[in-house]
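Reviewing the structure listed below.
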2 protein chains.
Amino acid sequence: MASIKDVAAEAGVSVATVSRVLNDHPSVSAEARTRVLAAVETLGYRPNAVARSLRTDQTHTLGLVISDVLNPYFTELARSVEEEARALGYSVIIGNADERPDLQDHHVRNLLDRRIDGLLVSPTDGGSPLMLDAARAGTPMVFVDRWIPGVEVPVVRADGRGAVRDLVAHLHGLGHRRLAIIAGPAATTTGRERVEAFREALGAYGLELPDAYIGQGDFQADSGRRVTEGFLDLPEPPEVVFAADNLMALGALDAVRARGLRVPDDLALAAFDDIRWFVHTDPPITAIAQPTGELGRAAVRALVDRIEGRPGESVTLPARLVVRRSCGEPVPASPEPDPAQAPAVQPPVTNRSHS
Amino acid sequence: MASIKDVAAEAGVSVATVSRVLNDHPSVSAEARTRVLAAVETLGYRPNAVARSLRTDQTHTLGLVISDVLNPYFTELARSVEEEARALGYSVIIGNADERPDLQDHHVRNLLDRRIDGLLVSPTDGGSPLMLDAARAGTPMVFVDRWIPGVEVPVVRADGRGAVRDLVAHLHGLGHRRLAIIAGPAATTTGRERVEAFREALGAYGLELPDAYIGQGDFQADSGRRVTEGFLDLPEPPEVVFAADNLMALGALDAVRARGLRVPDDLALAAFDDIRWFVHTDPPITAIAQPTGELGRAAVRALVDRIEGRPGESVTLPARLVVRRSCGEPVPASPEPDPAQAPAVQPPVTNRSHS
DNA sequence: GATGCTCGTGGAATCGATTACATCGACGTG
DNA sequence: CACGTCGATGTAATCGATTCCACGAGCATC
């Protein structure tokens with residue numbers, strides 16, 4: 001591979017001049033510029049980013065550590081992150097933690113070793129020493145979706161409280177009174193918060209959230225299945241299960257089917273995180289939709305702000321309820337709503353009258 | 001951030017000795033080793049991968065350019081690639097092309113500039129000059145899933161011919177005679193091959209594949225919707241639509257629903273690429289499953305073989321048919337198959353007798 | 001015409017590692 | 001005792017860029 005020296009030799013100038021041309025430094029003669037560019041062309045020269053990074057101490061790269069690539073919520077997040085980063089002149093290296101703290105640490109270490117300019121994390125746990133050290137050491141960092149309390153790092157996330165209240169109102173309106181939740185890991189903020197929001201919303205209707213109706217999941221499908229089976233085995237099973245993420249909802253759906261039962265007739269189902277597939281499941285699943293793309297973009301902007309010396313603010317955006325049929329039919333309505341009009345998410349229809 | 005010099009100073013040795021300890025070179029005294037390790041510990045030293053790469057001309061990094069991160073097939077592929085790479089001591093940088101040749105080139109260029117050790121690509125098109133140059137220049141490269149004909153690069157992929165034959169047998173057995181396909185872009189191998197395999201399989205039953213029954217899609221959901229609408233507008237619409245990937249199948253499902261029609265009664269549906277969500281759609285979708293994880297692992301092994309100077313072989317693995325209910329009920333059968341037993345993919349049932 | 005400025009350029013230091021080569025002491029052997 | 005070998009270590013070159021500094025030419029100012 002041709003180096004800057006080869007270009008310099010070919011163009012008959014020094015490496016300094018080549019470098020100036022490449023970084024369009026003002027004081028280069030037009031003649032030298034054309035000669036260098038010609039040499040670059042004939043040699044097919046491309047600057048070595050590794051060498052450049054060593055010298056400038058900048059990689060123009062962001063690290064993104066997500067909790068689970070197989071979760072469509074995080075892939076969508078990753079996509080919007082990469083898009084915005086590209087627009088701002090950065091590349092992104094994604095690390096997938098598979099909800100495993102050890103893997104998360106592996107990726108954080110790897111990214112720090114590569115001297116990425118900044119780190120975007122959706123933490124799988126309450127904060128490993130490594131992560132805390134990195135934050136304290138001043139690595140530009142931003143938490144997205146989940147965060148670690150007590151750490152001085154901006155957080156970009158969705159607030160689901162309002163949407164959870166809407167959900168509970170919807171469920172209550174359909175006559176449901178025994179509501180259960182499949183929680184995420186207590187080590188994650190989203191794992192805890194969603195339970196709290198749910199409990200609070202129930203309280204507004206004078207409803208309790210008994211311990212038996214709080215199932216401990218880990219954001220993976222299997223745990224949703226397991227917890228739902230537990231619920232169904234209770235002497236008085238819940239009428240509704242609210243899964244704290246989309247994969248556990250999928251597991252719950254499996255569990256219900258495996259017993260030959262039906263959603264929503266035998267057990268209603270709702271999920272946190274809306275994904276496009278929820279329109280096509282049997283039945284379509286009522287979910288709380290986060291503004292995922294906007295979250296990813298805001299997180300990148302906050303991180304790049306920090307990297308480039310600006311403050312970098314926390315952002316909280318509202319989530320919203322998307323009602324479908326998995327909790328019961330609010331209306332008989334027209335023969336079939338038209339999914340082609342709004343394939344990804346349907347508008348909330350909480351105000352439709354019940355038959 | 002502490003550098004190797006700081007460690008050397010702290011330990012009272014030269015940088016050479018520190019480097020030797022870190023790369024466990026044999027000739028270092030036990031005493032020096034412990035002193036260095038202690039210094040590393042107290043300083044929290046981590047080697048700078050950028051500097052190391054510059055010197056050794058190795059990044060221990062693979063580039064993976066996939067066609068679309070939002071497609072679950074590719075996320076699963078990416079996950080298995082990262083897993084195997086990690087096991088072999090490599091990291092992976094993923095570039096998402098969103099089925100756009102220009103974005104694909106952007107990522108390839110970026111990865112080459114970073115001097116990745118090898119490149120794994122699922123090409124979005126027939127081969128840009130950049131990609132061809134890279135292959136010719138001797139960059140270790142492996143194609144996965146899709147490939148570019150005429151380029152000297154190992155290919156790791158699934159052969160769907162057998163499964164497509166099984167699918168056509170299944171459809172024919174159900175009485176379907178007018179079969180249509182939503183093809184992928186003609187610039188991709190998979191876009192062409194799947195049509196050819198389908199046509200061939202139809203031929204075995206004396207069936208034609210008229211041009212009107214070949215819809216041109218682009219592997220994205222929208223195109224599946226559009227093409228399916230076109231099929232439904234034909235004076236003699238097909239009885240079955242076979243989508244060449246999972247996203248176009250989703251679009252097709254949308255289109256059918258939007259007309260108030262039903263799958264499989266009004267139009268049967270099958271897809272190439274099986275994904276876990278197909279178990280949960282309404283109805284569950286009959287699909288051709290690729291051994292995705294195995295493909296990813298084999299691709300990494302082939303690439304690392306090339307990087308480390310071994311030959312690096314092409315691999316072709318068989319795909320297989322997974323029958324569900326979207327083409328009609330092959331058997332009245334027991335009330336409901338148990339999805340909990342095999343949540344991701346159900347076993348092939350091509351050998352069931354037709355009723 | 002001397003002075004000072006700007007502009008274009010090249011030489012050389014530098015970033016943080018790896019590694020070839022030189023050095024030096026200890027030890028075994030003839 | 002002289003010599004060769006080997007193990008442990010340090011010095012310095014090197015990878016490919018960026019950038020500080022010096023230098024010379026051209027030009028304006030006084």
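Throughout, protein chains are lettered first and strands after them, A, B, ... in sequence-line order, and every chain is numbered starting at 1.
- Whole-Å rounding puts the B:D113 CG to D:dA17 C1' distance at 13 Å.
- Between the C1' atom of D:dA17 and the CZ atom of B:R52 lies a distance of 20 Å, rounded to the nearest Å.
- B:R157 has no carboxylate O lying under 4.0 Å from a charged side-chain N of B:D145, or vice versa, which leaves the two without a salt bridge.
- What separates CZ of B:R33 from C1' of D:dT9 is a distance of 13 Å, to the nearest Å.
- Within 4.0 Å of B:V18, counting heavy atoms only, lies no atom of the nucleic acid at all.
- None of A:T61, A:T59, A:L303 except one satisfies the side-chain contact (heavy atoms from CB on, under 4.5 Å) rule with A:D117; the exception is A:T59.
- Distance, A:H25 NE2 to D:dC20 C1': 11 Å, rounded to whole Å.
- Looking at B:R55, its side chain has no donor and acceptor atom pair within 3.5 Å of the base of D:dG16.
- A straight line from CG of B:D57 to C1' of C:dT18 spans 12 Å, rounded to a whole angstrom.
- Here the rule is side-chain contact (heavy atoms from CB on, under 4.5 Å) with B:F143, and of B:L120, B:L119, B:V151, B:V156 only B:V151 fits it.
- Of the candidate nucleotides C:dG16, C:dG8, C:dA17, C:dA17 has the atom lying nearest to any side-chain atom of B:P47.
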May I have the step-by-step check of side-chain contact (heavy atoms from CB on, under 4.5 Å) for B:E152 and B:M141, ending in yes or no? CA-CA 9 Å; B:E152 270 296 317; B:M141 226 164 129; over 6 Å; no
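- Separating the CG atom of B:N48 from the P atom of C:dT14 is a distance of 18 Å, rounded to the nearest angstrom.
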